[in-house]
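For the numbers below, each heavy atom of this structure counts, side chains included, while hydrogens, waters and symmetry mates do not. Protein chains get the first letters and strands the later ones, always in sequence-line order, with residue 1 at the start of each.
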2 protein chains.
Amino acid sequence: MTAAKHQMTRATGRRTGGRAGIRDVAAAAGVSITTVSDALNGKGRLPDTTRRHVRSVADRLGYRPSAAARTLRTGKSGLIGLTVTTYGEEPFTFTEFAYFAEMARAATSAALARGYALVILPATSQRRDFDVWSNVALDGTVVIDPSDHDPVVTELVRQGIPVVSDGRPGGSLPVTAWVDNDHEAAVTGLLDHLAAAGARRIGLLTGTSTDTYTRLSTTAYLDWCARARQDPVYEAYPAHDPCASAVAADRLLARADRPDAVYGLFDPNGTDLLAAARRYGLRVPDDLLLVCCSESGVYATTEPPITTLSLKPGRIGTAVIHLLIDAIEGAAGRAQGSHQVMPTELIVRASSQRARCPAPRLPHATLAAPRTPPAVDQ
Amino acid sequence: MTAAKHQMTRATGRRTGGRAGIRDVAAAAGVSITTVSDALNGKGRLPDTTRRHVRSVADRLGYRPSAAARTLRTGKSGLIGLTVTTYGEEPFTFTEFAYFAEMARAATSAALARGYALVILPATSQRRDFDVWSNVALDGTVVIDPSDHDPVVTELVRQGIPVVSDGRPGGSLPVTAWVDNDHEAAVTGLLDHLAAAGARRIGLLTGTSTDTYTRLSTTAYLDWCARARQDPVYEAYPAHDPCASAVAADRLLARADRPDAVYGLFDPNGTDLLAAARRYGLRVPDDLLLVCCSESGVYATTEPPITTLSLKPGRIGTAVIHLLIDAIEGAAGRAQGSHQVMPTELIVRASSQRARCPAPRLPHATLAAPRTPPAVDQ
DNA sequence: CGCGTGTGGCAGTACGTTTCTGCAAGGTCA
DNA sequence: TGACCTTGCAGAAACGTACTGCCACACGCG
């Protein structure tokens, strides 16, 4: 029983507020601290009997290792930062709610499966924010839609912390890796789809901000128009302002060169375009074809259901996390500068299909409305 | 220059991977570690000249204090756990997306404003999850909709970590505090509103799960029916299954004792009821009054717009965080067992107002659709 | 007997802070 | 001149863990 010696040194009672430390376990089990650590972490050379004994004592004392101490010792916290660039003046806004929510959900789930947890952090703006950023030990960070010269990203990579972005970084931002949709292919495919459905003049509802999503999508639209010899017809509005969508939708349909099909880049555009069309007496899809980029399930049950482009945020979130954790665990930035381009999915509904005859109404159908179950990752 | 001594001891170069430690700053500034710590944290008795000098040297070296070491020393991590009870088998699901998203947004924002960050953690289910829980140093935890005997909550309070729940805890769960809506008042007020609009038989679309929200709301409905001498007409379905809502909505309207007004407890019920009504040839609001509990903005632009009950998740999130941080900083559980009941808001739209004459169509209105800006907290 | 070898386990140190204690220099007052 | 306070700073003790050596012992073998 060398335990006596330990007790003499200092592990008499629970010092720290009542929680048992590794020392207490060692003393109670009559072994050394090293042995406890090894037994609990499956390291070292110990017979199973000792291992089991230590474990049972630890259980009995309700021992939980201190995350802070472990982090300090190992240099790994198991924490991943998650931040989304805020638009406008608001301190902490999410636009594209459904997209973000689903992306964050998938990312959280993927991270958890590999033993990491996500910390929600603000995009830097005030000086004060930096306190929070450096108050938490991060193994890596996910940045959604980083701005071109994000100081936080720069600082993090300077500290050697891997950063993976959702959305390809502009302006030589030094991220470790990134994931993005193939926006050109998505927009091109979607416009082809509308043209095939009979659209002669396709309009665009886009944003005034300069993020890559907006920029790439708009460019793809203009290119397509050039190829199709169609004059571009579009309205841009501040996408972060939730009230502006309806106004812009109205403006687009009020134009002299009114389009006979519209693609809306942002989530609320679909309902707003539908409402605007209703006000102008335009029937969808007969007079106006509609497609909207959105992750929201409501478009399956609008009247008529609206065709949506899904960016598959779940897949993106999962991919981002795996890239990041690979970078973290691959130590000194293996897979540096790598990236992944993910496909999108066009969910075709009534709003983008010109019906020969008007859709028959089923006054007493008892079947449930068709509804796609929520996408599971991948 | 006592700095020489420090350099002799061990602070020669950057040991730790390249990051400067407090020792390096002390050496470079020619002062002691204590002085650096005091200068940077605004403690101790130091002349402003020293303070400024130390700060400038720290800046020059790009010094960032180690969060892990600070946490280990002070016992405070500045981290708050956020978890939501998962339903069904899925590993990590959020139902009530808009509610959760807004609640989480507000909570994150409120926490950040007080210097805390939120960590997303899974509701316990597998044994494996516990690793993550004890791998992160938490100052406190927010639990959304805790199940009656959540083992994580029990374990956390056993460890002396404050836990505040969104939704009043059932089954003597020992949370530190809780916040909830006044569900009875909300349902009663809403049913009164429908009755005032002319409803004679109000139906309910509810869930089969036993969480407090569902239970309290359903009970309030039954009580109201008893008082109003109306036979209850309701259908229950598994609320976590996103496909089941449409089926249940259909079932409710297919009944022989079809209600002339319906309240749906969950977010998708509104659109699903609307779709079902359409299939049955029922006009809203003329033949069927509709109210739905939802935070989603889409109900402002459906045809017709649907009256919603908002639980004000932003306020809830803010209140929960403040209660929690007060408990954390008030040290040993001041304000123990306290709680807060928050009001809800009924957003009245066309679907619950019986129009004398059918609403006039405005074929060429150029005004934007009225749209409430997103609610800011409080 | 001397020696290598494998097994089981322990002491000690480092991780990077914060903070308590204390000490020296200088000033004030009796 | 001594007693006593204030100012400015330094030393060193934690905080709880992980891990690198190292020791003790037993055993088998030449």
Between [atom2] on [N] and [atom1] on [X], what's the gap in Å once rounded to a whole number?
X       : N      : atom1 : atom2 : value
A:Lys76 : C:dC15 : NZ    : C1'   : 14 Å
B:Arg70 : D:dT17 : CZ    : P     : 21 Å
B:Lys43 : C:dT17 : NZ    : C1'   : 12 Å
A:Ile33 : D:dT20 : CD1   : C1'   : 15 Å
B:Arg45 : C:dG26 : CZ    : P     : 16 Å
A:Leu61 : D:dG16 : CG    : P     : 15 Å
A:Leu72 : D:dC15 : CG    : C1'   : 9 Å
B:Ile22 : C:dA14 : CD1   : P     : 18 Å

DNA chain C contacts among residues 51-58 of chain A, heavy-atom distance under 4.0 Å: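 Contacts with DNA chain C under 4.0 Å: none.
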
Which atoms form the tightest heavy-atom contact between [X] and [Y], and what is the distance?
X        : Y        : value
B:Pro169 : B:Val175 : CG-CG2, 3.6 Å
A:Leu79  : A:Tyr116 : N-CD2, 4.3 Å
A:Val132 : B:Ala117 : CG1-CB, 4.0 Å
B:Pro122 : B:Thr83  : C-OG1, 3.3 Å

With the side chain of A:Ala69 defined as its heavy atoms from C-beta on, choose the nearest nucleotide among C:dG9, D:dG16, D:dA10.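 Of all the options, the side chain of A:Ala69 is nearest to D:dG16.
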
Name the closest nucleotide to the B:Leu46 side chain, picking from D:dC19, D:dC9, C:dT17.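 Selected nucleotide: D:dC9.
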
Touch class at under 4.0 angstrom, heavy-atom based, for A:Asn41 against every strand present: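 Sugar-phosphate contact only - A:Asn41 comes under 4.0 Å of backbone atoms but never of a base.
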
Could you check whether A:Thr71 gets within reach of a base, just the sugar-phosphate, or nothing at all, counting any heavy atom under 4.0 Å?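 No contact.
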
Kindly say if [X] contacts the phosphate of [N], meaning a side-chain N or O under 4.0 Å from OP1 or OP2.
X       : N      : value
B:Thr35 : D:dG8  : no
A:Thr50 : C:dG9  : yes
A:Ser66 : D:dC15 : no
B:Ser32 : D:dA10 : yes

In plain terms, say whether A:Asp145 and A:Arg168 are close enough for a salt bridge, that is, a side-chain N and a carboxylate O under 4.0 Å apart.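 The answer is no: the pair does not qualify as a salt bridge.
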
Would you check if B:Trp133 and B:Leu156 make a side-chain contact, meaning some heavy-atom pair closer than 4.5 Å?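 B:Trp133 vs B:Leu156: side chains touch.
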
Tell me if the side-chain of A:Thr34 makes a donor-acceptor pair with the base of D:dC19, cut-off 3.5 Å, by modelled atom types.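 Present.
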
Not counting sequence neighbours, list each pair that qualifies as a side chain to side chain donor-acceptor pair (under 3.5 Å) and has a residue in residues 33-52 of chain A.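 The answer is A:Ser32-A:Thr35.
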
